[in-house]
Number of protein chains: 2
Amino acid sequence: MSSSYVTLEQVAQHAGVSLATASRVINGSTRQVSERLREKVNASAEELGYLANASAQTLARNSSSLVGLLVHDIADPYFSSIARGVTRHTEEQGLVTVLGTTHRSTQKESTLLATLRAHRAKAIVLVGSRSTDEESNTRLIREIEAFQQQGGRVACVSQPGLPADTVNPDNHTGAAELARHLIALGHRRFAILAGPTNLSTARERLDGFHSALSAAGIELEHHNIVHGDFTRDGGFESTRRLMRLGTDATCLFAVNDVMATGAMAALRDSGIRVPQELSVAGFDDIPTLRDLTPALTTVRLPLEQMGERAAQMALETDHEGQDRTVNVQGEVLMRESTQRPAL
Amino acid sequence: MSSSYVTLEQVAQHAGVSLATASRVINGSTRQVSERLREKVNASAEELGYLANASAQTLARNSSSLVGLLVHDIADPYFSSIARGVTRHTEEQGLVTVLGTTHRSTQKESTLLATLRAHRAKAIVLVGSRSTDEESNTRLIREIEAFQQQGGRVACVSQPGLPADTVNPDNHTGAAELARHLIALGHRRFAILAGPTNLSTARERLDGFHSALSAAGIELEHHNIVHGDFTRDGGFESTRRLMRLGTDATCLFAVNDVMATGAMAALRDSGIRVPQELSVAGFDDIPTLRDLTPALTTVRLPLEQMGERAAQMALETDHEGQDRTVNVQGEVLMRESTQRPAL
DNA sequence: CTAACCTGGGAAAGAGTTTTCCCACAAGTC
DNA sequence: GACTTGTGGGAAAACTCTTTCCCAGGTTAG
């Protein structure tokens, strides 16, 4: 009663073969087993409702069917889109996805990485901006290497520079191209709703935008840059601050769509019409946010595919060479939230 | 080299004690261990970087630290909000969340449930509408019971009638109250963008709305009901269909926010102004969709807390009695997408 | 002073797989 | 007919941990 499990040994007995033979049938080993016995074992397994004990398998094989997925916040549509791509691939492969949310805490990240290591996870997909903090970065690298030592594989999304396969959106180019489109529209004075300075994604987008402005001979004034924390409310607050201080910009670039959403809300609250009085652009093309009014000009990233590709790279068994990097280009989508500036 | 792991035995040797003693120290058993040895063992574990092998523990204890979370689609903000609540609780408890996405396939649901069983998951949180299909329902119940037989615990969100603890939003009352508000605004002719008929959530919301209309002596005409599939695009298409066929309704109720979003997009495409020509209301108050224009009238559900509560119930060890049900009331939020009908 | 009782610690038996090693037997070779 | 070769099957070790059982030594009570 206490143990309502069917073990492989029971299956073997029921089929009248040895434990080893049963195992060989169940997970198709290299060794041949006669068709007769094979059928007998399969029939017994079916009849008894055999379900292999995953922890015993993991222990014996020293590798589990778990794939870790670490994101900052699963409720953030940026991450949930990527997560969907990851789960699509892992589930297709019959693997199990372990979801860990770090909420930008390197502490939690470490804990989760250790847990995944303890579970002998087969692979880990790391999503989200890498911090520029030296210390936590080297620690992260050490942990990744420890995991790889154990035979685990790692792939990252948006975290260039780690010793692992990487899916890397070209934030710099995307932002620069967006800037050029906006300049072409006639804008000359820009405000930027930047992200946390220590996150590479935020910095790359800022840099890319900035460099395109410079190339066009446009100055970006210091007081026209405010920082948000990549959340909707952060974007809202930072935009209010910008408005309170006053700005002569004709176009506001928020480095991600989620903050752009907050910005548009703040502008509406302040009675500023978008795009008539101020153009607004974002980055990511978050699917859930495509129905905002006015429709947001942005740079589309194929988030779901990025997650899928990362999972795929992390699980490719044949590849054993150098770490690979897949660069992903964004596509500028000019929509309703931007127009040529009023004279 | 092959095995770069530190085992408990190595820790024990390093500390000069037996394996059993080391284990007693590490996971604070009932048996006492002298302070001296205790410190020695802990120091050794620290020094060697001991990390317990989770699968060995699972095998020995016949219970893992895994908590399953089954949703239809992690990119759907309804589910990702709930998922956030679930992970908050599980991670707080030092447990590991396993994410499975079923995409409304009972086949995948079964597979995932079996996998979780094979891993000796400690608990499972099941999220999403229960199907009304008799056959898949009884199978689901059998699988849940099999899991419980093994000592696993189950909690559901929005799936009343299963042999498990349940967090149950009062869809009927919420929809009815919303209907009363809309009637009070002056609406008499309604169109409904209903959900898949076989999902309880969709049905309850439809029923609740309908019963409030009946109570007010308002007929709901058959041609004013269309069905979507709970997705944005489904809402879009169904609304187009509704418009093509023509409707005399002054208010459109979509049974969830995601479909309401698609409906608003379709109406805009058709040049129909919301709310001036047609009022629109949704259900859920999805956080990511709060910035739509016009702001959507809806029924707020505390999605994140619902997930958290479900996880909490699933993990409460002391509770061993009857299955509990927590009812959650929605709150009607009248916003910009509804107004009194034009005369 | 001895009997009963604690208490800390160690040996060993599982938990359910995988996998290696070896044996038995049949078939083919000279 | 003995010897090799090949093939299917079984015994047992290994994976790492938990936990029970038991023993030795010290403490207390009578």
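Residue numbers start from 1 in every chain, and the chains themselves are labelled A, B, ... in the order their sequence lines are given, proteins ahead of strands.
The stretch residues 53-61 of chain B comes close to DNA chain D through B/N53, B/A56, B/Q57, B/A60, B/R61, each having a heavy atom under 4.0 Å from the strand.
Rounded to 10°, the angle separating the first-five-pair axis and the last-five-pair axis of the helix from C/dC1-D/dG30 to C/dC30-D/dG1 equals 50°.
In this model, the phosphate group of C/dG10 is approached by a side-chain N or O of B/T21 to a distance below 4.0 Å at OP1 or OP2. Between C/dG9 and B/S34, a contact under 4.0 Å exists linking OP1 or OP2 to a side-chain N or O. Contact annotation: A/S18 does not reach the phosphate of D/dG9 (side-chain N/O to OP1 or OP2, under 4.0 Å). OP1 or OP2 of D/dT18 lies within a sub-4.0 Å distance of a side-chain N or O belonging to B/N27. Remark: B/Y5 is not in phosphate contact with D/dA14, judged by side-chain N or O atoms under 4.0 Å from OP1 or OP2. Of the side-chain N and O atoms in A/Y50, one or more sit less than 4.0 angstrom from OP1 or OP2 of C/dT17.
Taking atom CD of A/Q10 as the reference point, atom P of C/dG16 lies 8 Å away to the nearest angstrom. The distance between atom CZ of B/R120 and atom C1' of C/dG16, rounded to the nearest whole Å, is 9 Å. When the C1' atom of D/dT16 is taken as reference, atom CD of A/Q150 falls 14 Å away, rounded to whole Å. Rounded to whole Å, the distance from CZ on B/R38 to C1' on C/dG9 is 13 Å. Atom CD1 of B/I26 and atom C1' of D/dC17 are 12 Å apart (whole Å). If you take CD of A/E9 and C1' of C/dA15, they are 12 Å apart, rounded to a whole angstrom. The distance between atom CG of B/N62 and atom P of D/dC17, rounded to the nearest whole Å, is 17 Å. In this structure, B/L8 atom CG and D/dT18 atom C1' are separated by 10 Å, rounded to whole Å.
Among residues two or more places apart in sequence or in another chain, the side chain to side chain donor-acceptor pair (under 3.5 Å) test is passed with B/T21 by B/S18. Scored by the salt bridge (Lys or Arg N to Asp or Glu O under 4.0 Å) test, A/R84 finds A/E304, B/D73 as partners (sequence neighbours excluded).
Between A/L19 and A/L37, it is A/L37 whose nearest contact on DNA chain D lies nearer the 5' terminus.
Side-chain contact of A/Q159 with A/S200: a donor-acceptor pair under 3.5 Å is absent, judged by distance alone. Between the side chains of A/N53 and A/S55, at least one donor N or O lies within less than 3.5 Å of an accepting N or O. When only modelled atom types and interatomic distance are considered, A/T97 and A/T87 share no side-chain donor-acceptor pair under 3.5 Å.
Taking CE of A/M306 as the reference point, atom CG of A/N168 lies at 8.0 Å (rounded to 0.5 Å). Expressed to the nearest 0.5 Å, how far CD1 of B/I82 lies from CD1 of A/I74 amounts to 13.0 Å.
Side-chain proximity of A/A20 to D/dT16, C/dT19, C/dG9: nearest is C/dT19.
Note that B/R120 lies in the cation-pi zone of A/Y5, set by a 6.0 Å cut-off to the ring centre and a 45° limit from the axis.
Applying the ring pair (Phe, Tyr, Trp, His ring centres under 6.0 Å) test to every pair with at least one member in residues 99-151 of chain B, sequence neighbours left out, gives no pairs at all. Among residues at least two apart or in separate chains, ring pair (Phe, Tyr, Trp, His ring centres under 6.0 Å) pairs with a member in residues 45-93 of chain B are B/H72-B/F79.
The base of C/dG9 sits within donor-acceptor range of the side chain of B/R24, with an N or O pair under 3.5 Å.
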